[in-house]
Student: 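Sharing a structure, written as structure tokens. Questions coming.
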There are 2 protein chains.
Amino acid sequence: MNKTNVEISNLPKYCNEALILAVLARGDRHGYQLAIEIEEMSDGLFKFNHGTLYPILHKLEKENLIKGLWEKSDTQRKRKYYSITRKGKNYFYQQKAELEHFLSTFIGIIGEKKK
Amino acid sequence: MNKTNVEISNLPKYCNEALILAVLARGDRHGYQLAIEIEEMSDGLFKFNHGTLYPILHKLEKENLIKGLWEKSDTQRKRKYYSITRKGKNYFYQQKAELEHFLSTFIGIIGEKKK
DNA sequence: TTATATATATTGACTCTCGATATATAGAGC
DNA sequence: GCTCTATATATCGAGAGTCAATATATATAA
């Protein structure tokens, strides 16, 4: 296991990636669906702008962490369904562990009572 | 209590501010000391660059969340000691609550098992 | 006297999010 | 058949903030 590479400046980036990968780990989704689902799961707390979402999906796909497949059934508009790859799962589990360690350390410091 | 304003892009900013204010809530510190202390408390996880730390201190001071006082004893080099203000404490407690809600929601989503 | 640790500060490069904008189609209502 | 809205993907420029490098200065140790 690598050493942590979660730096505070990368926090939003890793959080966004983790949210996307976590949902894709549960099953295939297309972009728009991901955004809606994450917003619902978080009670409106995490809203993805399109200008944030799609670049991340393209980047993750370029790195082979997810794989996109255009689906064009006769009745529906074409959508690009993403599925998480084996590499993506490994990446996600590692990032998740690092983020949890990072965030619990953070909460520990700001939550600490005066001595 | 205001509605949350913690957006994912502001996460590092609010985390950095919260770390600084949390330590100052325990007692006065000067900048360099803050950086060292936070690094030690986090086991080396949170390292403040000077180019990050000082602009934040100046901003917090300008907003009257902290107050800086130059100290120049005869034997020591001059240091600027910061103390948290009443306004700063209120700000910190609110940010802390928002961050904890934000992060626990996040951990909840990425940690959720498949149904 | 030199080197190192302490201490504050600024600058430019870089990255990423955000909001705006663009394009296109399915379905609903008239 | 037409218009409007929701769905769906995509890109661009502005803005904010971190990071690494650099600058300055002094106390202390070798």
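Chain A is the first sequence line, chain B the second, and so forth, proteins listed ahead of strands; every chain is numbered from 1.
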Student: Can you check whether A:M41 reaches A:V23 side chain to side chain, under 4.5 Å on heavy atoms?
Tutor: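 A:M41 reaches A:V23 side chain to side chain.
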Student: Return the polar atom pairs (N/O with N/O) between nucleotides 19-24 of chain C and the protein under 3.5 Å, or none.
Tutor:
none

Student: With the threshold set at under 4.0 Å for non-hydrogen atoms, list the residues of residues 29-40 of chain B touching DNA chain C in residue-number order.
Tutor: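 Heavy-atom contacts with DNA chain C come from B:H30, B:G31, B:Y32.
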Student: Let me know the distance between CG of B:L53 and P of D:dT18, rounded to the nearest Å.
Tutor: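 So the two atoms are 11 Å apart, to the nearest Å.
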Student: How many Å lie between CG on A:L57 and C1' on D:dT9, as a whole number?
Tutor: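 That distance rounds to 10 Å.
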Student: I need the minimum non-hydrogen distance between B:L24 and B:Y82, along with the two atoms involved.
Tutor: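 Scanning both residues, the minimum pair turns out to be CD2-O, 3.4 Å.
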Student: Write down the distance between CD1 (A:I56) and P (D:dA10), rounded to a whole number of angstrom.
Tutor: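 Atom CD1 in A:I56 sits about 14 Å away from atom P in D:dA10.
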Student: State, to 0.1 Å, how close A:S42 and A:E39 come at their nearest heavy-atom pair, and which atoms those are.
Tutor: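 Smallest interatomic distance, heavy atoms only, reads OG-O, 3.2 Å.
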Student: Could you give the CD1-to-P distance, from A:I20 to C:dC16, as a whole number of Å?
Tutor: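 Spelled out: CD1 on A:I20 to P on C:dC16 is 13 Å.
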Student: Would you call the rings of B:H50 and B:Y32 parallel, tilted or perpendicular if under 30° counts as parallel and over 60° as perpendicular?
Tutor: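 It falls in the tilted class, 30° to 60°.
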Student: Between atom CG in A:L60 and atom C1' in D:dT9, what is the gap in whole Å?
Tutor: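 Rounded to the whole Å, the gap is 16 Å.
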Student: Please enumerate all residues that pass salt bridge (Lys or Arg N to Asp or Glu O under 4.0 Å) together with B:K80, with sequence neighbours excluded.
Tutor: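 B:K80 satisfies salt bridge (Lys or Arg N to Asp or Glu O under 4.0 Å) with B:E61 only.
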Student: Which comes earlier along DNA chain D counting from the 5' end, the contact point of B:K47 or that of A:Y82, where each point is its nearest nucleotide?
Tutor: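 Here A:Y82 is the residue nearer the 5' end.
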Student: Is there side-chain contact between A:F106 and B:L99, with at least one heavy-atom pair below 4.5 Å?
Tutor: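 Yes; the side chains approach each other to less than 4.5 Å.
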Student: Between A:P12 and B:L11, which heavy-atom pair has the shortest distance, and what is it?
Tutor: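 Looks like CG-CB, 4.4 Å.
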Student: Between C:dC16 and A:K13, is there an OP1 or OP2 to side-chain N/O distance shorter than 4.0 Å?
Tutor: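 Answer is yes, contact under 4.0 Å.
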Student: To the nearest Å, give me how far apart NE2 (A:H58) and C1' (D:dT9) are.
Tutor: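 It works out to 7 Å between those atoms.
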Student: To the nearest 10 degrees, what angle separates the axes at the start and end of the helix from C:dT1-D:dA30 to C:dC30-D:dG1, five pairs each?
Tutor: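 One end's axis against the other's: 10°.
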Student: For D:dG17, take OP1 and OP2 only and decide whether either is under 4.0 Å from a side-chain N or O of B:N16.
Tutor: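 No, because none of the side-chain N or O atoms of B:N16 sits under 4.0 Å from OP1 or OP2 of D:dG17.
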Student: Under the ring-ring contact (aromatic ring centres under 6.0 Å, His included) test, which residues partner B:F46, sequence neighbours left out?
Tutor: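 B:F46 satisfies ring-ring contact (aromatic ring centres under 6.0 Å, His included) with A:F102 only.
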Student: Map A:Y54 and A:I8 onto DNA chain D by nearest heavy atom, then report which one ends up closer to the 5' terminus.
Tutor: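 With A:Y54 and A:I8 compared, the 5'-side residue is A:Y54.
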Student: Any donor and acceptor pair, going by atom type alone, linking the side chain of B:K67 with main-chain N or O of B:N64 inside 3.5 Å?
Tutor: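 Checked: no pair found.
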Student: Mind running side-chain contact (heavy atoms from CB on, under 4.5 Å) on A:F92 and A:L65 for me, showing each step along the way?
Tutor: CA-CA 9 Å; A:F92 170 61; A:L65 301 173; over 6 Å; no
Student: Are any of the side-chain nitrogens in A:E71 or A:K78 under 4.0 Å away from the carboxylate oxygens of its partner?
Tutor: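 Salt bridge flag = no for A:K78 with A:E71.
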Student: May I ask you to evaluate whether A:S9 reaches the phosphate of D:dG17, defined as a side-chain N or O under 4.0 Å from OP1 or OP2?
Tutor: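 No, because none of the side-chain N or O atoms of A:S9 sits under 4.0 Å from OP1 or OP2 of D:dG17.
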Student: Between C1' on D:dG17 and CZ on B:F48, what's the gap in Å once rounded to a whole number?
Tutor: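 Roughly 13 Å, once rounded to whole Å.
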Student: Going by the salt bridge (Lys or Arg N to Asp or Glu O under 4.0 Å) test, which pairs reach into residues 50-60 of chain A, not counting sequence neighbours?
Tutor: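 Qualifying pairs: A:E17-A:K59, A:K59-A:E63.
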Student: Once you round it to whole Å, what is the distance between C1' of D:dT18 and CG of B:L19?
Tutor: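 Rounding to the nearest Å, CG of B:L19 and C1' of D:dT18 are 14 Å apart.
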